[in-house]
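To start, the structure under review is shown below, and the notes come after it.
In each ligand, atom 1 is the first atom listed, and ligand 1 is the first ligand listed. Just so it is clear, the model here is predicted, and its values are computed rather than measured.
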Amino acid sequence: MVQEILCYKYDMNNNLHNHRILLIISGGIAAYKSLDLIRRLREQGAAVRCVLTKGGEQFVTPLSVSALSEDKVYGDLWSLTDEAQMGHIRLSREADLVLVAPASANMIGKMAQGLADDLASTVLLATNKPVMIAPAMNVMMWQHAAVQANIKTLQQRGVHVLMPTSGVMACGEEGEGRMQEVADIIKAVTAHFAVPGPLSGLRALVTSGPTFEPIDPVRFIGNRSSGKQGHAIAAALQQQGAETILVTGPTVLPKPQGLKVIEVQTAREMLMACEAALPADIAVCAAAVGDFRVADIALQKIKKGAVPPTLELTENPDILAALTKAGNRRPRLVIGFAAETENLLQNANAKLLKKNCDWLVANEVGEGKGFDQGENTVTLLKRDGVGKTASTAWPQQSKDAIARQLVDEIAKAFTD
Ligand code: PMT
C-alpha cells in the first residue's frame with residue numbers, strides 16, 4: 001500500500017521521463033492554468049504530485065487536480081493520514097524539482113521569510129531539491145517593493161524565478177504580473193533537466209511536411225506528406241542536444257515541445273524561413289516541397305465554365321539546393337531526402353550530386369509507402385570527400401526509429 005502511494009505515476013516516454021515534479025498550486029486566478037500544466041508535464045513523461053493550498057482551492061478543486069495528476073492531492077499539514085503515509089519531509093524530498101505555479105505574493109512572502117504555517121510552505125522550507133516558481137499577481141502587487149525584495153531574496157538563495165509577463169490581467173488592469181504561459185513553464189522545466197547531448201552547442205534546421213501552393217482563395221496544389229518523418233527528426237535532434245528549428249508546411253501534427261517551430265504554407269515562404277534560420281550546423285530537408293506553383297493566383301474562386309481552366313505553372317525555388325549554395329552560411333552537414341517511386345538508388349544518387357548535399361535519404365514512396373505512413377523504408381547515401389557515394393539500406397521501421405538512427409549517424413559525424 002505504502003509502495004503504491006510512494007510510486008509517482010509516469011505517462012509517455014519523453015523529455016521529462018523519470019523526473020518527479022512536486023507542483024505547489026497557490027491561490028490566484030492563474031491556478032486554472034496549472035490544470036493544463038499538470039497535463040502537459042505528464043505528456044512529457046514527468047510524474048506529477050500536487051500540493052494545493054487553501055488559497056489554490058478557491059480557484060481549482062482537489063478533485064480536478066487529483067484527476068489530472070492521477071494521484072492523491074496533498075493539502076493538509078495536520079492530516080494524520082497524510083502524516084502517517086507521506087510526511088511533509090518525504091513529500092519534499094521525493095521530488096526532483098519543486099515547482100510553485102502560480103506563486104502568489106503571499107506564498108513568495110512566506111518563502112522569503114521562512115514561514116511554515118501550512119503544508120506548502122512547510123514543504124518549501126523542508127526541501128533540499130531545486131525550487132522553481134512562476135509568480136502571478138496584480139501588477140501593483142508585483143511592483144511593490146516588498147514583493148520585489150522577496151523575489152530578490154529568493155533568487156539570491158538559488159530559487160529559479162520564471163518572471164511574469166505583461167498583459168491584461170483578470171482584474172482588468174494591465175502590466176507585468178501574468179504567470180508565464182504553460183508552454184514556457186514546460187520549456188523551463190525541460191531545460192532544467194536537460195543533459196548535454198552529443199549535439200549540444202550545434203544548431204539544426206529541419207524542413208517537414210508538404211507545401212500548399214494556392215490556385216485561388218480556396219484551392220491549392222499540395223501533396224500527402226504528413227510531416228511525421230520531418231517532425232520526428234527535429235524532435236530527435238533536439239533530444240540529442242541540438243538547438244533545433246523546424247520549418248514546417250501545413251500538418252495536423254501537434255507542435256513538438258521545446259524547439260522553435262516556424263509554420264509556412266508555400267515553398268517560397270519555406271525558403272525565406274530557412275534562410276532566416278541560418279546559420280546552422282546541420283540541415284535536414286525532409287519536406288515534400290511543391291516543385292511548381294501557379295503563375296497567376298486567381299483573386300476570386302475560379303468558376304466552372306464551358307471549358308476547364310488551364311493553369312500555367314512556374315518553378316518553385318529549391319530550398320535544399322539554396323542551402324548548399326549558401327556560401328559561408330552553408331550548414332556543415334546538409335542532408336536531403338529523395339522520394340522515389342522507381343530506380344531508387346539511381347535517382348537518389350543523381351539528386352545527391354545535383355543538389356550538392358552531403359548525405360541523402362533515399363525514400364521508397366508510392367502506394368502505401370512513405371507519405372503519411374507510420375513506417376518508412378530508406379537507404380542512406382553518404383558522399384565522401386573524393387566524390388564517392390556509399391549506401392546503406394535500413395530495414396522498414398517506424399519513422400521515429402529512422403529519425404533516431406539518422407540522428408545517431410549525425411552525432412557520429414560531429415564527434416568523430
Ligand atoms: O511527411 P511524411 O508523411 O512523414 O512523409 C515523409 C516523406 C516521404 C515526405 C519524406 O520522408 C521525404 O521523402 N521527403 C522528401 C520528399 C520530396 O519532395 O522529395 P524530392 O525527391 O521531390 O525532393 C528532393 C529533396 O529536395 C528533398 O530533400 C526536398 O525537401 C528538397 N526540395 C525539393 C523541391 C524543392 N522545391 N525544394 C526542396 O528543398
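Close contacts of ligand 1 with Asp291, meaning ligand atoms under 4.0 Å from a residue heavy atom, involve 34 (C). Those atoms of ligand 1 with a heavy atom of Ser226 less than 4.0 angstrom away are 1 (O), 2 (P), 3 (O), 4 (O). Per-residue contacts place Asp318 under 4.0 angstrom from the following atoms of ligand 1 (heavy atoms of the residue considered): 32 (N), 34 (C), 35 (C), 36 (N), 37 (N), 38 (C), 39 (O). Of all atoms in ligand 1, listed by their number and element, those nearer than 4.0 Å to a heavy atom of Gly336 are 28 (O). Shown in contact with Ile319 at under 4.0 Å from a heavy atom are these atoms of ligand 1, numbered in order with element: 37 (N), 38 (C), 39 (O). Listed by number with element, the atoms of ligand 1 under 4.0 Å from a non-hydrogen atom of Ala338 are 21 (O). Annotation for ligand 1: atoms under 4.0 Å from non-hydrogen atoms of Gly227 are 1 (O), 2 (P), 3 (O). Using a 4.0 Å cut-off to heavy atoms of Leu320, the atoms of ligand 1 that qualify are 25 (C), 26 (O), 28 (O), 31 (C), 38 (C), 39 (O).
The side-chain hydrogen bond (donor to acceptor under 3.5 Å, both in side chains) test with Arg383 is passed by exactly one of Asn356, Asp358, Thr389: Asn356. When the options Leu154, Val100, Ile108 are evaluated for a side chain to side chain contact (heavy atoms under 4.5 Å, CB included) with Val159, the one that passes is Leu154.
At least one N or O atom of Asp372 sits closer than 3.5 Å to an N or O atom of ligand 1.
Asp118 has no carboxylate O lying under 4.0 Å from a charged side-chain N of Lys54, or vice versa, which leaves the two without a salt bridge. Contact check on Asp36 versus Arg40 returns a salt bridge, with a Lys/Arg side-chain nitrogen under 4.0 Å from an Asp/Glu carboxylate oxygen. With respect to the salt-bridge test (charged N to carboxylate O, under 4.0 angstrom), the residues Glu409 and Lys382 qualify. Salt bridge status for Arg20 with Asp96: present, with a side-chain N to carboxylate O gap under 4.0 Å. The pair Arg329-Glu275 does not count as a salt bridge, with every side-chain nitrogen at least 4.0 angstrom from each carboxylate oxygen. A salt bridge is defined here as a Lys NZ or Arg NE, NH1 or NH2 lying under 4.0 Å from an Asp or Glu carboxylate O, and Glu70 with Arg42 meets this definition. Between Asp281 and Arg203, no side-chain nitrogen of the basic residue sits less than 4.0 Å from a carboxylate oxygen of the acidic one, so the salt-bridge criterion is not met.
Of the protein's non-hydrogen atoms, Asn363 OD1, 3.5 Å is the one closest to atom 8 (C) of ligand 1. Summary of contacts: the protein heavy atom closest to atom 18 (O) of ligand 1 is Ala288 CA, 3.3 Å. Ranking protein heavy atoms by distance to atom 14 (N) of ligand 1, first place goes to Ala286 O, 2.9 Å. Looking only at heavy atoms of the protein, atom 6 (C) of ligand 1 is closest to Gln229 CB, 3.7 Å. Atom 30 (O) of ligand 1 has Ala287 O, 2.6 Å as its closest protein atom, hydrogens excluded (heavy atom only). Nearest non-hydrogen protein atom to atom 25 (C) of ligand 1 is Phe337 O, 2.9 Å. If you check which protein heavy atom lies closest to atom 19 (O) of ligand 1, you get Ala339 N, 3.4 Å. Considering only non-hydrogen protein atoms, atom 21 (O) of ligand 1 sits nearest to Lys351 NZ, 2.5 Å.
Within the structure, the closest approach of Lys355 to ligand 1 falls below 4.0 Å when heavy atoms are considered. Put simply, no part of Ala267 is less than 4.0 Å from ligand 1, judged by heavy atoms.
Side-chain atoms of Thr211 and Glu213 form a donor-acceptor pair, as typed in the model, at a separation below 3.5 Å.
Residue Ile25 holds its CD1 atom at 6.5 Å from CG of Leu35, rounded to the nearest 0.5 Å.
Looking at Lys399, Lys228, Glu315, Arg268, it is Lys399 that brings a heavy atom closest to atom 5 (O) of ligand 1. Here the shortest heavy-atom distance to atom 28 (O) of ligand 1, taken over Cys285, Ser225, Gly370, Pro317, belongs to Cys285.
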Quiz: residues 283-309 side-chain donor-acceptor pairs under 3.5 angstrom, not counting sequence neighbours:
unit_1, atom_1, unit_2, atom_2, d
Arg293, NH1, Glu315, O, 3.1
Arg293, NH1, Asn316, OD1, 3.0

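For Lys369, the salt bridge (charged side-chain N to carboxylate O under 4.0 Å, His left out) partners are Glu364, not counting sequence neighbours.
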